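For reference, the structure discussed in these notes is given below.
Small disclaimer: the values here were computed from a predicted structure and weren't measured. Chain identifiers are assigned alphabetically (A, B, ...) following the order of the sequence lines, protein sequences preceding nucleic acid strands; residue numbering begins at 1 within each chain.
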Number of protein chains: 2
Amino acid sequence: MADRLVRGVDAARPGVPTLEQVAAKAGVSRSTASRAINGGLRVSPEALLAVEAAVADLGYSPNRAARSLVTRRTDSIALVVPEPDERVLSDPFFAGTLNGLASALADTEIQVVLVIARPGQNERTVRYLRNGHVDGAIVVSHHRDDTLDRALVELRLPSVFVGRPLSATPEVDSRLQYVDTDNVQGGRMATQHLLDRGCRRIGTIAGPEDMSAGIDRLIGWRQAMTAAGQRDDAVVHGDFTIVSGAEAARRLLTEYPDVDGIFIASDLMAAGALPVLAELGREVPQDVAVVGYDNLGVAASTQPPLTSVIQPVVAMARAAGLRLLDQLQGATPTPPLIFAPELVVRASA
Amino acid sequence: MADRLVRGVDAARPGVPTLEQVAAKAGVSRSTASRAINGGLRVSPEALLAVEAAVADLGYSPNRAARSLVTRRTDSIALVVPEPDERVLSDPFFAGTLNGLASALADTEIQVVLVIARPGQNERTVRYLRNGHVDGAIVVSHHRDDTLDRALVELRLPSVFVGRPLSATPEVDSRLQYVDTDNVQGGRMATQHLLDRGCRRIGTIAGPEDMSAGIDRLIGWRQAMTAAGQRDDAVVHGDFTIVSGAEAARRLLTEYPDVDGIFIASDLMAAGALPVLAELGREVPQDVAVVGYDNLGVAASTQPPLTSVIQPVVAMARAAGLRLLDQLQGATPTPPLIFAPELVVRASA
DNA sequence: CATTTTCGTAGGAGCGCTTCCAAGGTGACC
DNA sequence: GGTCACCTTGGAAGCGCTCCTACGAAAATG
């Protein structure tokens, strides 16, 4: 273990003001000062004013540790994210989540603690969450490891998943809060758009088979294809990265050279696929129409710009944050909140 | 203020184990248990073993609040980031930072608290940091607002900037820790590469004039151009986003239609510029060679793939984390750590 | 006018932990 | 064998805060 660490703020100086000092300055007792600060109930207007002045004067802010010790709350929530590897690194999904969450918590005092869920360290992560270090958790269910999901559900810690966790079978849905878009419908919409513009031999570059977003979008594609009486065999998988998109496109066009439309389960993969299509002499959208998914920045900047299905990450994360807040206030868990996907038509299809 | 919140973990159940329980189970006093847990100094081997067993058995982990209250440390550091807006959202910079920081802290107990520095709320941010809620801070100096930078420096809170803060004039450098790449040299290298391949009329799409990365890369370009005896007037500015890159490219080619090379200060802007070049009938790299900056994922997937200057975000953030750790252990601040940029040659130049 | 209710306030206990201190036990050394 | 040093240990204080309880004064009630 490390030696004694040096104090964050030097103790030699007057130091951080305490409630005691505020009370003294305001000429009231510690209790009154505390009450004044925590909502001002049962405090006379004069006392309230005096305390507020003292607080402003001293630049006081309550010691969270002390408060937390007695309230048994921490006023902080965990943002549980999978270890940011190459994939997450190039994925704007996370930044969007953060943005939405921040906006949900904007006018609370709640802090966000980043919890990196390292693969193989679930034990540690769960212990951290269990032992009251945070009041709740937002879990970015963007990883392939559902033992963590399961463990979190067992925990009874107020928590909301962004994106349906794979462990969310219908039976346990009620015990489990999540926010997601309807990826099945999204997949259907994307495919239908291709069908509507006349494509008949439509392939798909699907996401990983162990992530709900990957699975569901593929299901949506299947549904649309069978409903239209088309074959649903032209499937290759990627892992949502640019590189995998390029590879997948190559495989797809090799195995099914006659495709005239591709539904690609993420814009990033589409960004990888488009250059390959060009290289193989396919004009987009004339020879092969392409629809992506996510609509997160990259979509508009590909060549040609990508028709894509909107996944409103920011709104989802915001909703997740608000739901968590509700739970922290004691509200009972509500059923999953599913956003409707929307299609943005650009040049690629 | 909000009403009483519900406890994160239900108190009716056996609840979270305390040190007292561990001690009882191990058959030692609370003090001994504490000593055993915090490094095991002055504890007999038997006692140590007994405590360790009890800890494992009970799944104990110390209450951070209680510990923090007495040690006056929080064992957490702030990651101060500018409010994630559109720009940050589509920027993999942040994810990389997180990745690097996480790796630096991997085998410590230190938690990362996300502090969103909202514009116009500097007061609040500073107060939070000042009042001992965290032991130190990593500041992603990726924003345009240097009053925060200045305030943080005043704070005497151990902190490390990722990216040179604009307020870091040579005089205050010593009081201020940061990690950065040599953006001037990076700009020079990029430009030199264009010169070397025969470009003579080189323009630049520079970053914002109020961010050190923007300023320095432009300086580098200027240096290379004047050293080569070329005119350094073909400058337009963007704000590091894709959209601004597209606009800037249009402006540049309108004002200076004879450019045969462009140094673009970020890959994202380059990603916006390339389609515009294509649209205006310029072949890359034949008619106009292009060098980008950052080499963060997008670079490899543009059409054509982008020659770019590596900015090792992950390594930088990791270094920043390690330096902060050093400071927390009492080490004296060290001079800025500057990474050398590297050029990755791809098809665009 | 006496009595109850209400209100604002102060004091004190105690949250779980670290750490100071004194005490006890052991071995080394004279 | 006695003294000293050293190591291990438990008791107790106290970190800054909230909240329970008690209390006096003011307001409302009979």
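With rounding to whole Å, Leu69(B) atom CG is found 13 Å from dA13(D) atom C1'. In this structure, the CZ atom of Arg72(B) is 14 Å from the P atom of dG14(D), given to the nearest Å. One can place CG of Leu58(B) at 15 Å from C1' of dG16(C), the figure rounded to the nearest angstrom. In this structure, Leu19(B) atom CG and dG11(D) atom P are separated by 14 Å, rounded to whole Å. Atom NE2 of His133(A) is separated from atom C1' of dC15(C) by 15 Å (rounded to the nearest Å). Between the CD1 atom of Ile37(A) and the P atom of dC19(D) there is a distance of 13 Å, given to the nearest Å. The interatomic distance linking Asn38(B) (CG) with dC17(C) (C1') rounds to 9 Å, in whole Å. One can place CD of Glu20(B) at 10 Å from C1' of dC17(C), the figure rounded to the nearest angstrom.
Taking every side-chain heavy atom of Pro62(A) into account, dC17(D) is the closest of dC17(D), dG16(C), dA10(C). Comparing dG16(D), dG16(C), dA10(C) by their closest approach to the side chain of Val28(A) singles out dA10(C). Comparing dT9(C), dC17(C), dT9(D) against the side chain of Arg35(B) picks out dT9(D) as the nearest. Comparing dT18(D), dT9(C), dC17(C) against the side chain of Arg67(B) picks out dC17(C) as the nearest. For Val43(B), the side-chain atoms get nearest to dT9(D) when compared with the rest of dA10(C), dC17(D), dT9(D). Closest to the side chain of Thr32(A), out of dC17(C), dG10(D), dA10(C), is dA10(C).
Listed pair Ser34(A) / dC17(D) fails the phosphate criterion, with no side-chain N or O lying under 4.0 Å from OP1 or OP2. An OP1 or OP2 oxygen of dT9(D) is reached within less than 4.0 angstrom by a side-chain nitrogen or oxygen of Ser44(B). Dashed line: the shortest gap from a side-chain N or O of Asn63(A) to OP1 or OP2 of dC15(D) is not under 4.0 Å.
Within 4.0 Å of Ala65(B), counting heavy atoms only, lies no atom of the nucleic acid at all. Across all strands shown, Ser31(A) has heavy atoms under 4.0 Å from base atoms, whether or not it also approaches the sugar-phosphate. Across all strands shown, Arg42(A) has heavy atoms under 4.0 Å from base atoms, whether or not it also approaches the sugar-phosphate.
The residue among Leu41(B) and Arg30(A) whose nearest nucleotide of DNA chain D is located toward the 5' end is Leu41(B).
A donor-acceptor distance shorter than 3.5 angstrom exists from the side chain of Thr71(B) to the backbone of Arg67(B), with no hydrogens or angles considered. The backbone N or O of Pro17(B) lies less than 3.5 Å from no partner atom in the side chain of Asn63(B), so there is not a single donor-acceptor pair.
To the nearest 0.5 Å, atom CD1 of residue Ile116(A) and atom CZ of residue Arg124(A) are 11.0 Å apart.
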Intermediate values then yes/no, side-chain hydrogen bond (donor to acceptor under 3.5 Å, both in side chains), Ser103(A) and Arg318(A): CA-CA 6 Å; Ser103(A) 108; Arg318(A) 186 179 149 78; 2.8 Å; yes

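Side chain to side chain, Ser159(A) and Gln177(A) fail the donor-acceptor criterion of an N or O pair below 3.5 Å.
With contacts defined as side-chain heavy-atom distances shorter than 4.5 Å, the pair Gln111(A)/Asp75(A) does not qualify.
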